[in-house]
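Proteins come first, then strands; the chains are lettered A, B, ... in the order of their sequence lines, and each starts at number 1. Every value quoted in this text rests on a predicted model; they were computed, and no experiment measured them.
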Amino acid sequence: MKTLPLPSGLLRTLAGQALAFVIALALGAVIILMIDESPVAVFMTLMRGAFGDAEKIAGTLLQTTPILICGIAACIGLRGGMFNVGIEGQLFLGGFAAAWVGFAFSLPPVLHVLVAMLLAVVAGAAWVAIPAFFRVRFGTNEVVSTILANYIATLLTSYFTIFLFKRPGGWSETPPILESAYLPELFSFSRLNIGLLIGIALAIATALFFRWTAKGYAVTMVGSAPKFAEYGGINVRKVGFGVLLVSGAVGGLAGGVETLGVHHRFMEGFAPGFGFDGVIAALLANGSPIGTIFTALFFGALRAGSLLLEVDTTASREIITVIQALIILAVSADLLMRRRGDRTGERRWKF
Amino acid sequence: MDLAVDLQGITKRFGAFTANSGIDLAVRRGEIHAIIGENGAGKTTLMNILFGLLQPDEGRIALNGKAMVIDSPAVAIAEGLGMVHQHFKLVPSLTVADNIFLGMEIRRNGLIDRAAQIERTRVLSQKFGLRVDPSERVAGLSVGIEQRIEILKVLARDARTIILDEPTAVLTPQESRDLFATLRSFVDDGMTVIFISHHLEEVMEVSDTVTVLRDGKVVATRPKTSLSKRELVRLMVGRDVSFDRRPRGPVDGKAALEIADLWARDDRRLPMLKSASLTVRSGEILGIAGVAGNGQTELAEVLSGLRPPSHGSVRLHGQEVLGLAPAQIRARGLAHVPGDRMVRGVDRNASLSANMLMGRQDKAPFSHRGILSWATAHAEMRALIKRFDIRARGPKDPARSLSGGNIQKVVLAREFTAGGDVLLIDQPTRGVDIGAQEAIHDEIMRQRDQGRAILLISTQLDELAALADRILVMFDGRIMGEVDGEAMDEEAIGLMMAGVDPATPVDPSTGIDPIGAAAAPAFPRPPASEEVR
Amino acid sequence: AEKVHVAAISGYFAQGFGVSIVNGLNKAKTDFGIDLKLVDTGNRALDYEEQFANLAKSGQYDLIFVMGWELVDALQKVSAQYPNQRFVFIDGVLDSKTMIYANFAEEQGSFIAGALAGMVEDLGPKFDKIGEGKAIGFVGGRDIPVIRNFLGGYEQGAKYAAPDVKVNSVFAGTFDDPAKGSELAMTLYGQGADIVYNVAGPTGEGVMQASATADKYSLGVDIDMCASAPGNVLASMLKRGDVAVYAIIKDEVEGRKVTPGTRTFDLASGGVEVKMCEDVAAKLPAEIKAKLETIHKDVADGKIKIARAK
Amino acid sequence: MEVLGSLFNVALLVATIRTTTPILLVALGGSFTTKAGIFNIGLEGQMLIAAFFAVIGSIYTGSSVGGLVIGVAAALVFALVYAVLVVSFRANEVVVGLALNILAGGMTISLMKAIFGTRGSIVGRGIVGLPKVQVPGARDLLGFNAAQLISGYTPLVYVAFLAVPAMLLIYGRTRLGLYIRVVGEKPEAAEALGISIARVRYTASLLCGLMAGLAGAHMSLGYITMFTENMSAGRGFMAVAILIFSAGDPLKVLAGCLLFGFADALSLRLQTFGFPSYLVLAVPYAVALVALFALSWRARPKTIRETLETMRRALSVSPERESSSTRS
Ligand SMILES: Nc1ncnc2c1ncn2[C@@H]1O[C@H](COP(=O)(O)OP(=O)(O)OP(=O)(O)O)[C@@H](O)[C@H]1O
Ligand SMILES: Nc1ncnc2c1ncn2[C@@H]1O[C@H](COP(=O)(O)OP(=O)(O)OP(=O)(O)O)[C@@H](O)[C@H]1O
Ligand SMILES: [Mg+2]
Ligand SMILES: [Mg+2]
């Protein structure tokens, strides 16, 4: 086999992903058959649920938004060689912080949103600061420390919500935020709000940052060749710390967008799993922010489609989780990639 | 004919690159067969194929007259083949005996019998005169001992044919001589040795037959007696080469780089740089000779700010820079060609332009207010490709698509044009083909003539002889002495490289040992850094 | 008559109270031949609104049963958009005037359960498995208002029956970790509690099993849990979701169109009840049973007032 | 004093043993992959799937052993998929691990719904739990209190704690253990001696699956007798954290698991003293996090400490050079 020049290499990658996709769907179909449903009906319902009409499309985009923003947070970390799996926790804290500003203060409309967002961002960054510090200073594995921090974040925000700021007489949630802190909605028929635009703008800005700025160059180099970067005069620790902080900040922003744009309050079990979905969307997009737009859209469509699935068929919504996992597994195997000659394998993940 | 190894038409490709092309190799039983060739000629690849670590794309292999398919080292080992690799393959956390018997453990009741392994190691060690302590852990042993363990590993498997891949690269001349004596005794016992090197003297000294590889092809297989050194070089390189000393003017610049009483520790936190002092003047090339792993890397890293120093002083143009961050040191005029180019020197997956950009991503004309101008970077890279004769299709090629020598040229091009007037050059021509070597030497001389101060670290004496105005020899982290480049005395250098003090050591005057090196156990040298990762 | 179409939506169909609702719905399906659709909301707040809308928009459901406080905001919003769609909110009363509410007095049932526990404690060591100190326990799922309401009733009942009894309450923080429930119960038993009341869904199942391990008593919730640890379950406080939904559907099927308003299912109407487990009940002194009857009557009549937790 | 007495007692130790067991089992499984140089973040999923199939198996075979076998088999299937993707296909181990966790969560719920018609939990329905083992003579020899410490647990509790010395023996004295260590530490060395890296990593993955399977079966048939959605409840992730700072050494794994188990058992008790549940429930995670930080902090600054120390010594000898060595 000869090495193929770049374009056809890309083609092969795409073909490989398509093949992976087909295999995953086939496996999914088998499982759907096993639970006594028609795969065709299930897939059609999914499509209708995701893209059936304008409202459905808006619903898909609504689901896409948090996954996208969390995905960008993950991308930022991945580019700098940092694996932030704690986006879930940053999302929760950011969400809570934004809600707090939203209900506890009364500010003029635009300013209110900005202050709430700012605090969400700060909360997200602050939550990752300690794991980040230990990562760059002592090499503490950030995957594990951020996962553990997730549990604490969830419990902590529950504590705040229920013990300190519970809405009197209500379910375990904070009082609603003031209308001055609402993110503007895009359409009358959906909760879809400018959070989506923020996400897309952020994705584009992140991509541009990495491609066209000196700082972005430094981050990329630290991520892909840390010793080279160090040699070249880049402060690897500072960059690594900064990357995690910004990643955490974007995670917090995702929480803020959910709070101010959709729920207009913080509640227990606020947005479970979006952080992980974002991480996986970013991984599937191989750390590319633009690619993450598409993987997040794909996940969003699956989720939105699954809502109709539950209503229109007897299949459980969890079947979507299964299909999603199968797709991730199949795509991760990179089926058409040629295996390298060395058999020793990689010790740590690489991007 | 009684052939221990018979390879026919071996071809191995890595992607579009052909590392071995139609190679025939016949090794007679009971001979020392040297395989020589430039870096990258395909020696290791060929041996890895023979040993079952790589599979050939074409060709046939016969061992001891039997045609075989060697799809795993286990097959090769079973057929009496043993290999001592260029990069040692020992497990640091295991003991010497455990390492030797790895893969052929002695067991009793299903459990590994440590005592028996230690005993057997002791017996082996005595039988072959290779002294080791069987129950010691490998982590922390010196390279010389590691090599002994590797040889014992092979012997313990009853190898009758032993392959040694560049066994002397990390040894002192004296250690090398011991090794050769051992190899001789093996052959006297009827064993066969295949021995890889690109050091002509060694080859002339020990081998019976020589096979020369060039660009993945066999250019000759001859009995040693029918060869002269000059012929060997011509076969290796394809033309006559002389490392003649470059003509030069006198040195009269001011002191640009002054190092005084510099101490540092290596990655294992053992003292590895001990009271080094030296001065390089503008328009001068100061060479540092020494066997790899004697503190040269640490010296370079401390100077460029990559390794925290323990003690001492480093002045650039009279300004103290010790302890500053790499970027600050660069800003004060130091450029650095790292010895470990694949890890430190480039990002293999980034484009040439991106590699060139390193260190100047914040500077005009490549960036304005933090925004990069890739167009400028590509243009600059295109110019460098031309000027340094880099064989690449264009500035957007990923670095990994270039050969080692061309990657080295990319690094040199970047550093020579970085604007620093003190150049710290570590192993400038490691893994670089002869033609490119000359070009690089020309470029280094040009830099000298422009008045730059150059600290040149090299393990190749002929390179230093050709370029350096003065040569310092390092051993065990110390500077052993100085030799004039004009009248280089190879014997004296050789002795100093082996740690023999020519007269009195350079500067033990203060008597201070600030990092307690004297109290530390006789510490080992780390293995030569791996070049390709 | 026309076929009645019913949907039910909740994230809790798998847990005690939800199971009893599903039982009621299924019974109605068998008895009346209604068309039934169950929708599981999962746990993402983002999804709820679409899920309600998907159901309401189809226009084919006469009644949509909704259970779970976290759904309230989405429910009110969608209900406002589809004012003709009749929603039945189970287990609470909201502001909206267009909905039907099925309200349960879980504090009443819990009061009886607490009173029973208090009286058994009062028997002291002379009764099987009861220790020296007078202490009982409570394991909640998450620390949320509804669960607090159970706890409040339980405490009031226990104090009513035995003023000196100590009530230790803990929360697992999750409804999905029976191992943790078991461990919490073991802790309470270890600290001297003889009877532990669980209001914790699957987590609570761990509590029931722990009572068998520790050979102490437990109190089940929502559905009859006597079988979880025979001999160790004192009683179950049934919150009859099944009775409620069945009654509502019955009205609808029989032509008494269900109209917006609140229906309360309390002790008096059989919406909550305490069901003793036969094996243990057989051993209880008769006067306890009698006293329990009285308390039951007083609560049902409103003679005993129970504070609701907010 | 009385408070302390009711906080720290035999019951606490017994509770610690109970809370430690599932994490210990799964972490010891992870030790195999960690030592073999694979970062396995999919422990959680292996455990969950095993817990589910153990219950299914127990119902269908009517025996707890049958359940155990089927649960472990399910975990082995997951481990095999993991190994195929990570070892043979070189897929990113974190992606595969996370995806398998998601798959386990979705699959158990879907299957539950398909088989039992409901989701949530499976209780009763003929599940046979593992019996409790009474160590003969324990009560007579040690008295009631101390006997609690060693007697009356389900079999897998003993398996978990006995696995620690067994694994020390495996790593220290058997060929397989040696190969696992070598493949993790220096794969080139293994390869050069004809030891198949893939084979060793497959073996390690499957052994990991075996132990994670036991952990899952213990959750649903031993610790308690039921299955509920997500019942592994983060224990697999805790194990991963412990593996990171123990580097997979069985003794350190044991220490880490005991620490976590103790924190867990203690935190449950703290609630009864009136601390807010949400904060107390975070204690085990906080303990693990602090341990992770503390250990990495201890491991690393040696270089820094040493350099500082030598610089101080150097400075005291030659004070005029003070300005020179300022980098820490
Ligand atoms: N796994 C590989 N993939 C791609 N190229 C390779 C690989 N291994 C070796 N090569 C290339 O094959 C060529 C021959 O390499 P080889 O290691 O055989 O050289 P060598 O003669 O041993 O050189 P040296 O003296 O530096 O050890 C080099 O250009 C090298 O870059
Ligand atoms: N070359 C090899 N590559 C990879 N793994 C190996 C290799 N040789 C042995 N092993 C592994 O080491 C383990 C022990 O192997 P061993 O040959 O000792 O098994 P055994 O024959 O059952 O042991 P015993 O002979 O002592 O009863 C096995 O799991 C085997 O897979
Ligand atoms: Mg070589
Ligand atoms: Mg309720």
Considering all heavy atoms, the nearest M358(B)-A229(A) contact: CE-CA, 3.7 Å
Shortest non-hydrogen contact between F228(A) and N355(B), atoms and distance: CE2-OD1, 3.3 Å
W374(B) side chain to R211(A) backbone, donor-acceptor under 3.5 Å: yes
Euclidean distance, F209(A) CZ relative to L372(B) CG, rounded to 0.5 Å: 10.0 Å
Heavy-atom contact with chain A under 4.5 Å, split by part of D57(B): neither
Side-chain heavy atoms of S224(A) within contact of D347(B), under 4.5 Å: yes
Atom CD1 of I290(A): over 12 foreign heavy atoms under 6.0 Å: yes
Atom group of I234(A) that falls short of 4.5 Å from chain B, counting heavy atoms: side chain
Donor-acceptor pair, side chain of Y217(A) and main chain of A354(B), under 3.5 angstrom: yes
Side-chain heavy-atom pair R344(B), E230(A) within 4.5 angstrom cut-off: yes
Least distance between heavy atoms, P326(B) atom then G233(A) atom: CB-CA, 3.9 Å
Atom of M221(A), atom of A350(B) and distance for their closest heavy-atom approach: CE-CB, 3.7 Å
Residue part contacting chain A, namely of R360(B), when any heavy atom lies under 4.5 Å: neither
Cation-pi check, R330(B) onto Y231(A) ring (under 6.0 Å, within 45° of axis): yes
Residue L357(B) versus chain A: region with a heavy atom under 4.5 Å: both
Reported NZ-to-CG distance for the pair K227(A) and L306(B), which is rounded to 0.5 angstrom: 9.5 Å
Separation of T213(A) OG1 from R369(B) CZ (nearest 0.5 Å): 15.0 Å
